[in-house]
Amino acid sequence: ATHIPVELNSLNVMMEGARRFDEYMEIAHSLPDGEKVLRLTPSPQLDREEITLTAEDVEVLSAINGERSINDILVSGSHGEYAASKALHKLLQNHLLEECPDAAERVSRRSEEFQLYDLVYRLYSHSLGSVHKVLTEYLGAHGDRIFFTVPPECADNHAELVGILTAASGGSEAEFREAVKRIADPIRLHRVLDLANRLLADKVMALRDLISPHVAGQVRAAIQKDVTFLLAQKRDLAERYDIALEFRRALMGA
């Protein structure tokens, strides 16, 4: 490697660093709360005829979608948080951005959605794990194969979700949530519940048909007992979205 000597005045470097730090602190204090969500101003009232936008300004503008918080925007840019803060400050000062009036409601809905899918994951992954344990206790390797055989109606329908719900080593709520996000919003809840219900009903029926109705009944009773506390904790959520009702139907193999 070729080394090119460069003379630097250490005092100037320190003063520039101090200047940047002071500027950054001033900008940071002038920005809205980091949890606020911004959108493009529909009809901006400009104080000047022309505004020159830098690459950093354009990058921040492209990140504004009415969903990301200020904190999300500041850490997602390729130019660093300092440059993103300057750009955001400039765009706000020029009235090109504004706070979303309904952002608080959307944040609340998103939080509830996360809780909802965490509940679905915990309910169905636990129940499927209980069925898997009994299948392998009675049928050994054959039971293992039966459990991991995806039912035809689920085979081409979000295989990633099936894999997380039936993961022998245990998936996670975070993995499940990320997989769910990749489903189109208008049909998301319907798709997730339909898939989870079909999967659980198929495995419960396998217990009944391959072992015995009596064993299947014992497993159902044990699962219902196990999830009673969880459903009680999330009763409002479970009732609002009919999660408890759908779950019990699937558990009965319906």
Is the shortest side-chain N to carboxylate O distance from [X] to [Y] below 4.0 Å?
{"X": "Arg198", "Y": "Asp194", "value": "yes"}
{"X": "Arg122", "Y": "Glu173", "value": "yes"}
{"X": "Arg39", "Y": "Glu99", "value": "no"}

Heavy-atom side-chain proximity of [X] to [Y] below 4.5 angstrom:
{"X": "Leu128", "Y": "His132", "value": "no"}
{"X": "Tyr117", "Y": "Val192", "value": "yes"}
{"X": "Leu200", "Y": "Leu251", "value": "yes"}
{"X": "Asp226", "Y": "His126", "value": "yes"}
{"X": "Leu96", "Y": "Leu40", "value": "no"}
{"X": "Leu38", "Y": "Leu88", "value": "yes"}

Exercise for review: Starting from the C-alpha separation in whole Å, work towards a yes-or-no answer on side chain to side chain contact (heavy atoms under 4.5 Å, CB included) for Thr54 and Glu59.
Suggested key: CA-CA 9 Å; Thr54 65; Glu59 183 177 58; over 6 Å; no

Using only atom types and a distance under 3.5 Å, with no angle test, would you say the side chain of [X] pairs donor to acceptor with the backbone of [Y]?
{"X": "Asn197", "Y": "Leu193", "value": "yes"}
{"X": "Glu175", "Y": "Ser172", "value": "yes"}
{"X": "Thr41", "Y": "His95", "value": "yes"}
{"X": "Arg208", "Y": "Ala216", "value": "no"}

Review point. Should we count CZ of Arg177 as having more than 12 external heavy atoms under 6.0 Å?
Key: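 Buried by this count: over 12 neighbours within 6.0 Å.
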
Review point. Should we say atom CZ of Arg235 is surrounded by more than 12 heavy atoms from elsewhere, each under 6.0 Å from it?
Key: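 Open.
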
Could you tell me which non-hydrogen atom of [X] sits nearest to which non-hydrogen atom of [Y], and how far apart they are?
{"X": "Gly143", "Y": "Thr136", "value": "C-CG2, 4.3 Å"}
{"X": "Pro32", "Y": "Leu92", "value": "CD-CD1, 3.7 Å"}
{"X": "Ala250", "Y": "Val204", "value": "O-CG2, 4.4 Å"}
{"X": "Leu189", "Y": "Tyr241", "value": "CD2-CD2, 3.5 Å"}
{"X": "Val134", "Y": "Ile211", "value": "O-CD1, 4.2 Å"}
{"X": "Leu97", "Y": "Ile64", "value": "CD2-CG1, 3.9 Å"}

To the closest 0.5 Å, what do you measure between [atom1] ([X]) and [atom2] ([Y])?
{"X": "Lys203", "Y": "Leu165", "atom1": "NZ", "atom2": "CG", "result": "11.5 Å"}
{"X": "Leu91", "Y": "Leu53", "atom1": "CG", "atom2": "CG", "result": "6.5 Å"}
{"X": "Leu161", "Y": "Arg182", "atom1": "CG", "atom2": "CZ", "result": "8.5 Å"}
{"X": "Arg248", "Y": "Arg220", "atom1": "CZ", "atom2": "CZ", "result": "14.0 Å"}
{"X": "Leu231", "Y": "Gln224", "atom1": "CG", "atom2": "CD", "result": "9.5 Å"}
{"X": "Glu246", "Y": "Leu123", "atom1": "CD", "atom2": "CG", "result": "12.0 Å"}

Check your understanding: So Val215 and Tyr138, side chain to side chain contact (heavy atoms under 4.5 Å, CB included) or not? Walk me through it.
Key -> CA-CA 10 Å; Val215 169; Tyr138 277 83; 3.6 Å; yes

**Study point:** Side-chain donor-acceptor pair present, His89, Ser30, cut-off under 3.5 Å
**Key:**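 Yes - a donor-acceptor pair under 3.5 Å links their side chains.
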
Check your understanding: Same cluster for Tyr82 and Val75 if Ile/Leu/Val/Met/Phe/Trp/Tyr side chains link at under 4.5 Å?
Key ->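 No, Tyr82 does not connect to Val75 through the hydrophobic network.
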
Review point. Are Leu245 and Met252 co-members of a hydrophobic cluster defined by side-chain heavy atoms under 4.5 Å apart?
Key: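 No, no single cluster joins them.
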
Point to revise | Residues Val120, Phe247; criterion side chain to side chain contact (heavy atoms under 4.5 Å, CB included); working and verdict | key: CA-CA 9 Å; Val120 170; Phe247 173 76; over 6 Å; no

Review point. Could you go step by step and tell me if Lys86 and Glu56 meet the side chain to side chain contact (heavy atoms under 4.5 Å, CB included) rule?
Key: CA-CA 9 Å; Lys86 284 185 67 175; Glu56 291 88 343; over 6 Å; no

Check your understanding: Should the ring pair Tyr121 and Phe176 be called parallel, tilted or perpendicular, given that the plane angle runs from 0 to 90° and is split at 30 and 60?
Key ->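 Rings of Tyr121 and Phe176: tilted, 30 to 60°.
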
